[in-house]
Amino acid sequence: MNLRTLITRAMRGFREERRLYLSAIFSLAIAFLCLASAILALRNFETLSSRWSEAGKLSLYLDEGLSVEATAELELLLSGLREIRRIEHISNEEARLEFLAGAVDGAALRELPAELFPSSLELYLEPNLAAADIEALATRLGTLSGVASLERYQSFFERLDRMIGAGRWGTIGLSLLVALLVFGVVGSTIRLSLARRSREIEVMKLVGAQPSFIRGPFIVEGVFQGAAAALIAIVTLAVFYFGFRSEIDLGVRLFFGGETLFFGPGAIVGFLIGGALMGGLGSTLSLRRYLA
Amino acid sequence: MAISMNRERRTRTRRPFAFFRADAQRGARDHERPILEFEDVYKFFGEEQAALRGLNLKIERGEFVFLTGPSGAGKSTMLRLITRELGVDSGRILFAGKDISRLTDRSIPYLRRNLGIVFQDFRIIPHWSVAENVAISLEVMDYSPRLIRSRVSEVLERVGLEGRGGERAGRLSGGEQQRVAIARAIVTEPALILADEPTGNLDPALAVDILTLFEEIHETGATVLFATHDHGMIERGNHRILSLEKGRVYDVRKGLSSWSASGVHTVREQGLRVVAG
Ligand SMILES: Nc1ncnc2c1ncn2[C@@H]1O[C@H](COP(=O)(O)OP(=O)(O)O)[C@@H](O)[C@H]1O
Ligand SMILES: [Mg+2]
């Protein structure tokens, strides 16, 4: 089919059914916005998690009543190790304050003596250490005198990984849901406009149109709806993200250290193409169903 | 004349005139066959209601034929069999020598591109422009927008709507809307033009104008099958007359002077030549 004729006819259809198409695009845009937000959150979690596990951290809890000299000696020993990038000493009092800052209701806890909170050495590891190296290091450090216990945050990582895994499945489920919604919305839009254009379709058949000629503009319109909705979703998400970026990053830094990222150009293009494909596929399927 | 200037160009395009998709060995002899033949055609609606019962007829290239008969005689059914909106129950319909009753669904569009069809109710798209309504016949055939534009303006001139291509078709008067429909039917230079009561919705004076337009189109070489139950129309033209009655067709040769408003029965008593059946 002549491409220019096809586009002209699709545009004519869009003009005639402007309201119908705009409301369809609007509902698709909301669905795509949910999907894009989920994908963005997931990607950021993944990045943060891998960055954090790469630039790993260990906490050495010190024996109760370990002398200042012994602590300094231990610190000196540790600073000689090549795996360790930076050491931070947290005293009993600092540990107490940190705990109180995180507690929901500090009033009753405020009376607790500082001695209850173990002092620790926070070890920031070199990036890109292999898991086996970290394992070996941890075993070695656990046997040092003056060290009461060692926290590798393994359970935290495992929990984070489980969360990310669940988030991945959730996002896949959400994509399927959005795909169904797109098919539903595009399908009912097409059914309506097929009914309204039944006269045109009759005339086209009368003058010898192939089924593909009749379907063509509807498919172009479906592709356009999908792409437009995806574009609106991305723009809306970008406005929100960059509008609230400092707040978002503040929260993220508090928990994870590091900052969030928006979609790169490749991901944006991919998202738009995905929207267009979904729209096109949706219209192809519904034409097969509704166009006798 | 404008209508024939493209014949050469058309035969060189990808799908010249073919209504069969693989029409490679279309013999020269097919061009000598009558444009339309019905051979013993039966069409039933329901078990015992036969609209056509053993219809036989032949229409040669370049003829102008009136198809008449009382309302319900089966005129529309006959035309819808030719356009393959309906299929025959038995018998054959040959279009340019090819049996169209055996066409597959995929080939039907190619058949219709060789037919120009005009209805009583115009069947134009009111919210499209006049030009868009006419152009659709060429758009389905994949012509370039430029060629379509020039062909459409030529044909609008032919039907007396010169320079009105940009108007919304729905705003035109009934007679003008029917001219748009005729332009849409003839813009592809079809081998056969089928008109189903095309003047039925028009005032007598406008109806005569439309008949005259069909006669002009016929004079440029087109074959026209014009269905009408309006004797006033039939009397005006000196054309061959096919009369449908009770599912069969009777051929009233042209030049019949005493065709009267009293209808088919009178004519028959005067000694119709029964073609067949
Ligand atoms: N789709 C249909 N279903 C049932 N009966 C039909 C249908 N189309 C036509 N008929 C019947 O076939 C006969 C011929 O109709 P038609 O071809 O419309 O006649 P005409 O055009 O000569 O007035 C009529 O009795 C009509 O009721
Ligand atoms: Mg009729």
Side-chain angles (χ1 to χ4, degrees), chain A residues 1-24 189-224 283-292, chain B residues 14-15 17-19 21 79-80 82-85 103 105-119 121-129 131-149 168-170 180-181 183-188 190 194 196:
Chain A
M1 197 187 308
N2 188 297
L3 193 67
R4 246 181 73 195
T5 312
L6 176 66
I7 304 278
T8 313
R9 289 173 55 223
M11 290 302 292
R12 184 163 65 194
F14 186 77
R15 266 204 318 276
E16 284 161 11
E17 313 279 354
R18 200 170 341 182
R19 277 226 184 143
L20 184 63
Y21 283 116
L22 286 182
S23 65
T189 309
I190 280 188
R191 207 168 73 176
L192 256 173
S193 65
L194 278 177
R196 290 197 208 171
R197 290 192 229 170
S198 62
R199 186 103 203 202
E200 296 171 33
I201 292 168
E202 184 195 358
V203 165
M204 287 186 242
K205 285 182 177 164
L206 190 76
V207 297
Q210 295 282 21
S212 61
F213 180 90
I214 296 170
R215 284 194 205 115
F218 289 103
I219 293 174
V220 171
E221 285 158 24
V223 166
F224 177 74
S283 48
T284 308
L285 292 180
S286 17
L287 283 169
R288 189 168 297 173
R289 220 168 118 198
Y290 301 124
L291 189 65
Chain B
R14 261 186 296 147
R15 295 189 213 102
F17 270 88
F19 60 90
R21 286 155 50 73
L79 297 185
R80 288 167 71 200
I82 302 170
T83 60
R84 273 302 303 271
E85 281 169 82
L103 283 184
D105 284 352
R106 290 177 66 81
S107 301
I108 289 172
Y110 295 93
L111 164 70
R112 293 190 184 156
R113 292 175 190 186
N114 289 280
L115 300 171
I117 312 168
V118 180
F119 296 93
D121 59 357
F122 319 143
R123 300 204 194 171
I124 59 166
I125 310 301
H127 56 268
W128 287 5
S129 72
E132 285 172 331
N133 268 282
V134 177
I136 190 70
S137 292
L138 297 168
E139 284 171 356
V140 304
M141 292 169 80
D142 226 358
Y143 286 102
S144 74
R146 225 184 54 174
L147 184 64
I148 292 176
R149 262 199 307 281
R168 262 172 91 99
V180 175
R184 179 181 68 200
I186 65 172
V187 70
T188 57
L194 304 172
D196 193 357

Using non-hydrogen atoms only, which part of [X] is less than 4.5 Å away from chain A: side chain, backbone, both, or neither?
X: B:Ile125; answer: side chain
X: B:Ile148; answer: neither
X: B:Ser137; answer: both

When you look at CZ of A:Arg12, are more than 12 heavy atoms from neighbouring residues, nucleotides or ligands closer to it than 6.0 Å?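 Yes.
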Would you mind telling me which of B:Arg113, B:Arg184, B:Glu139 makes a side chain to side chain contact (heavy atoms under 4.5 Å, CB included) with A:Val207?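 Single side chain to side chain contact (heavy atoms under 4.5 Å, CB included) partner of A:Val207 among B:Arg113, B:Arg184, B:Glu139: B:Arg184.
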Please name the pair of heavy atoms, one in [X] and one in [Y], separated by the smallest distance, quoted to 0.1 Å.
X: B:Pro145; Y: A:Thr5; value: CG-OG1, 4.0 Å
X: B:Ile124; Y: A:Arg199; value: O-NE, 4.3 Å
X: B:Val140; Y: A:Ala209; value: CG1-CB, 3.5 Å

How many angstroms lie between CG in A:Leu206 and CG in B:Leu115, if you round to the nearest 0.5 Å?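 Output value for this atom pair is 9.0 Å.
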CE/A:Met204 to CZ/B:Arg112 distance, rounded to the nearest 0.5 angstrom?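 Going from CE on A:Met204 over to CZ on B:Arg112, the span is 13.5 Å.
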Under a 4.5 Å cutoff for heavy-atom pairs, which residue among B:Glu85, B:His127, B:Arg84 has the most contacts with chain A?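 Most pairs with chain A among the choices: B:His127.
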Within the structure provided, determine whether B:Met141 and A:Phe213 are in side-chain contact (heavy-atom separation under 4.5 Å).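 Counting from C-beta outward, B:Met141 and A:Phe213 never come under 4.5 Å.
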Is the side chain of B:Arg123 donor-acceptor paired with the backbone N or O of A:Val203 at a distance under 3.5 Å, no angle test?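 Looks like no, no N/O pair under 3.5 Å.
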Under 4.5 Å from any heavy atom of chain B, what part of A:Arg197 do you find: side chain, backbone, both or neither?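 For A:Arg197, there is no contact with chain B at all, as no heavy atom is under 4.5 Å.
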